[in-house]
Amino acid sequence: MRRRRALGLLSSVPLAAVLGSAGCSREQPYQLIEGATMGTRYHIRFRPPSRSFDVAALQAAVDARLEALNASLSTYRPDSLITAFNDAPVDQAVPVDADFERMLELSRQVHRASGGAFDPTVGALVNLWGFGWPKPKEPLTRLPEPAAIEAAKGRFEAVVQPAPGQLLKRAPLRLDFSAIAKGYGVDLIAEVVRSQGIEHFMVEIGGEVATRGQGPAGGPWRIGIEAPDPSVTGRILARVHLREGALATSGNYRNFFELEGRRFSHVIDPVSGYPVAQPPVSVSVIAPNVALADAWATAFMVLDEAQGLALAEENQLAVFWVYEDNEGRRTRQSSRMAPYLDAAP
Ligand code: ADP
Ligand code: MG
């Protein structure tokens with residue numbers, strides 16, 4: 001079992017890699033900024049608008065924005081707003097900030113549209129199944145009791161806002177935004193980057209990606225979806241091209257545990273309370289923003305193949321699934337995906 005920390009909890013290794021090729025241009029050369037956040041790394045590739053552009057100031061602005069987000073939403077931090085909410089008793093209002101409210105609103109949108117497959121009130125289940133923070137010292141040696149699973153189930157309808165800037169729970173539950181926070185963080189960084197006059201950029205946190213303008217080779221940004229093989233990294237299975245785009249990938253192949261001969265995913269079916277039994281090995285989603293793409297990618301790990309395809313079409317999402325079973329690997333895509341895919345790599 002391999003684990004990495006995400007904002008609150010865990011994250012799989014990035015599934016997407018930028019396929020950059022050096023371009024020759026009379027414009028400013030592309031630059032790269034990177035740093036640590038949410039238990040993984042962020043990368044910003046961009047063309048500075050002028051020769052005198054202050055790269056250090058951009059990075060400082062990005063780091064400050066990410067720090068504010070983590071102070072709100074990190075379940076690792078004892079002093080974050082989300083920890084205060086999670087530890088508060090039922091019916092006690094807790095202050096929340098604008099990021100918290102926005103993330104909740106986006107989460108509710110995907111929760112409803114996905115028939116409950118995406119649900120940030122899975123926090124107690126995530127802990128029960130050993131994917132929480134602090135990380136258990138030992139992997140689970142037996143399955144949780146059905147009564148404990150039932151008690152840990154989330155209830156999104158019990159999260160209510162008595163007034164702007166306030167939040168309370170009507171029943172015991174714990175919030176966990178790990179499945180949307182990296183995507184939301186990418187959207188925030190993209191805003192900071194654009195506000196500094198940058199027209200051509202790609203922002204990425206742990207495989208969740210926003211793009212705008214042109215890539216270093218001159219055309220659209222080209223992003224590879226890696227073959228989901230834990231022993232091989234960097235094998236490209238498909239390539240997408242994006243101009244102004246938002247792409248997120250959820251993967252099951254590096255973040256799971258095995259018990260009694262079964263494999264347990266870090267993605268939990270909020271309805272049954274159990275880790276998803278046979279999720280796709282990966283799902284990539286293109287959506288109007290990266291937060292939505294990220295949340296939907298997690299929802300598609302929960303939904304079965306027929307439900308997933310139907311909801312992708314209904315919600316006009318471009319989705320690319322990779323499945324693996326005894327018969328080998330196969331991919332599937334929604335109708336909106338075709339315009340983004342390059343010819344077979
Ligand atoms: P990754 O962090 O690997 O990119 P995801 O975006 O799919 O993956 O987020 C998975 C994390 O989200 C889990 O580790 C858990 O903390 C939380 N989670 C698990 N199941 C759900 C669910 N059904 N809805 C919302 N969040 C979930
Ligand atoms: Mg996600």
Does R45 form a side-chain contact (heavy atoms from CB on, under 4.5 Å) with Q31? I'd like the steps, not just the answer. CA-CA 6 Å; R45 236 171 263 263; Q31 302 224 17; over 6 Å; no
Please determine whether side-chain contact (heavy atoms from CB on, under 4.5 Å) holds for the pair T37 and I205, giving the CA-CA distance in whole Å, both sets of side-chain angles, and the decisive distance to 0.1 Å. CA-CA 8 Å; T37 190; I205 303 178; 3.9 Å; yes
Between R239 and E226, is the salt bridge (charged side-chain N to carboxylate O under 4.0 Å, His left out) condition met? List the steps. CA-CA 9 Å; R239 276 172 211 191; E226 282 181 9; over 6 Å; no
What do the steps show when you test I198 against R47 for side-chain contact (heavy atoms from CB on, under 4.5 Å), and what is the final call? CA-CA 7 Å; I198 296 168; R47 190 152 85 194; 5.8 Å; no
Does the side-chain contact (heavy atoms from CB on, under 4.5 Å) test come out yes or no for W129 and F264, once each step is laid out? CA-CA 9 Å; W129 285 100; F264 290 91; 4.1 Å; yes
Start with the C-alpha distance between E313 and S335, add both sets of side-chain angles, then the distance that settles side chain to side chain donor-acceptor pair (under 3.5 Å), and finish with yes or no. CA-CA 7 Å; E313 298 299 348; S335 56; 2.6 Å; yes
Salt bridge (charged side-chain N to carboxylate O under 4.0 Å, His left out) between D119 and R108, intermediate numbers included: CA-CA 8 Å; D119 188 342; R108 221 182 274 279; over 6 Å; no
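Annotation for L168: hydrophobic cluster partners, listed by chain and number, are V160 (ILVMFWY side-chain heavy atoms under 4.5 Å, direct or chained).
Ion pairing between a basic and an acidic side chain is recognised when a charged N comes within 4.0 Å of a carboxylate O; D87 and R174 show such pairing. We find that R330 and E305 are joined by a salt bridge, their nearest charged nitrogen and carboxylate oxygen being less than 4.0 Å apart. In summary, E145 and R142 engage in a salt bridge, as defined by a charged side-chain N under 4.0 Å from a carboxylate O. Classification of R194 and E244 as a salt-bridged pair holds, one side-chain N sitting under 4.0 Å from a carboxylate O. With salt bridges taken as basic N to acidic carboxylate O contacts below 4.0 Å, none links R112 and E105.
Scanning all heavy atoms of the two residues, the minimum distance from A210 to V290 falls at CB-CG2, 3.8 Å. Closest approach of S272 and I149 over heavy atoms only: O-CG2, 3.9 Å. Listed here is the closest heavy atom pair of L311 and A113: CD2-O, 3.5 Å. Between S284 and I225, the shortest heavy-atom distance links the atoms OG-CD1, 3.5 Å. Nearest heavy-atom pair, L173 versus A158, reported as atom, atom and distance to 0.1 Å: CD2-CB, 3.9 Å. Minimum heavy-atom separation, F118 to S114: N-OG, 3.1 Å.
Considering only heavy atoms from C-beta on, L167 comes within 4.5 Å of L175 through its side chain. Here the side chains of L58 and V192 are in contact, with some heavy-atom distance below 4.5 Å. Residues F300 and P280 are not in side-chain contact: their nearest non-hydrogen atoms beyond the backbone lie 4.5 Å or more apart. The shortest side-chain heavy-atom distance between F100 and I82 falls under the 4.5 Å cut-off. Residues K135 and W133 are in side-chain contact: their nearest non-hydrogen atoms beyond the backbone lie under 4.5 Å apart. In this structure, Y76 and N70 have side chains that are not in contact, with every pair of non-hydrogen atoms separated by 4.5 Å or more. Counting heavy atoms from C-beta outward, F85 and K169 have side chains that approach closer than 4.5 Å. Residues R332 and L309 meet the side-chain proximity criterion, which asks for heavy atoms closer than 4.5 Å.
Checked by atom type and distance alone, the side chain of T211 pairs as donor or acceptor with a backbone atom of G245 at under 3.5 Å. No donor-acceptor pair under 3.5 Å is formed between the side chain of Q196 and the backbone N or O of V193. Between the side chain of N289 and the backbone N or O of A291, at least one donor-acceptor pair lies under 3.5 Å. A donor-acceptor pair under 3.5 Å is formed between the side chain of S107 and the backbone N or O of M103. Remark: side-chain polar atoms of E204 are paired, donor with acceptor, to backbone N or O of G207 under 3.5 angstrom. Checked by atom type and distance alone, the side chain of H43 never pairs as donor or acceptor with a backbone atom of M202 at under 3.5 Å.
With sequence neighbours left out, K153 forms a salt bridge (charged side-chain N to carboxylate O under 4.0 Å, His left out) with E150. Residues meeting the salt bridge (charged side-chain N to carboxylate O under 4.0 Å, His left out) test with E138, sequence neighbours left out: none.
Taking the six-membered ring wherever Trp is involved, the centroid distance between the rings of W221 and F201 does not fall below 6.0 Å.
Exactly one residue among V240, T331, V319 makes a side chain to side chain contact (heavy atoms under 4.5 Å, CB included) with M337. That residue is V240.
One side chain, E101 or Q161, offers a donor N or O that lies under 3.5 Å from an acceptor on the other. In the model, D294 has no side-chain atom that pairs as donor or acceptor with a side-chain atom of Y184 under 3.5 Å. Using modelled atom types and a 3.5 Å distance limit, the side chains of S72 and D97 yield a donor-acceptor pair. Q214 and H200 are not linked by any side-chain donor-acceptor pair at a separation below 3.5 angstrom, with hydrogens and angles left out of the test. A donor-acceptor pair shorter than 3.5 Å cannot be found between the side chains of T249 and E208.
Residue L143 is grouped with residue L140 when hydrophobic side chains (ILVMFWY) are merged at heavy-atom distances under 4.5 angstrom, including chains of intermediate members. V94 and V90 sit in two unconnected hydrophobic clusters of ILVMFWY residues. Membership requires side-chain heavy atoms under 4.5 Å apart, directly or through other members. By the rule that hydrophobic residues join a cluster once side-chain heavy atoms approach within less than 4.5 Å of another member, L259 and Y274 end up as members of one cluster.
Annotation: the span from T141 atom OG1 to E260 atom CD amounts to 9.0 Å, rounded to 0.5 Å. The CE atom of M38 sits 9.0 Å away from the NZ atom of K182 when rounded to the nearest 0.5 Å. To the nearest 0.5 Å, atom CD of residue Q333 and atom CG of residue L341 are 5.0 Å apart. The line from CD of Q278 to CE of M301 is 12.0 Å long, rounded to the nearest 0.5 Å. Put simply, CG on N86 and OG on S80 are 8.0 Å apart, with the number rounded to the nearest 0.5 Å. R102 CZ to L104 CG: the interatomic distance, rounded to the nearest 0.5 Å, is 11.0 Å.
The aromatic rings of F257 and F131 are tilted relative to each other, their planes meeting at an angle between 30° and 60°. Ring pair F156/H111 is perpendicular by interplanar angle, where above 60° counts as perpendicular and below 30° as parallel.
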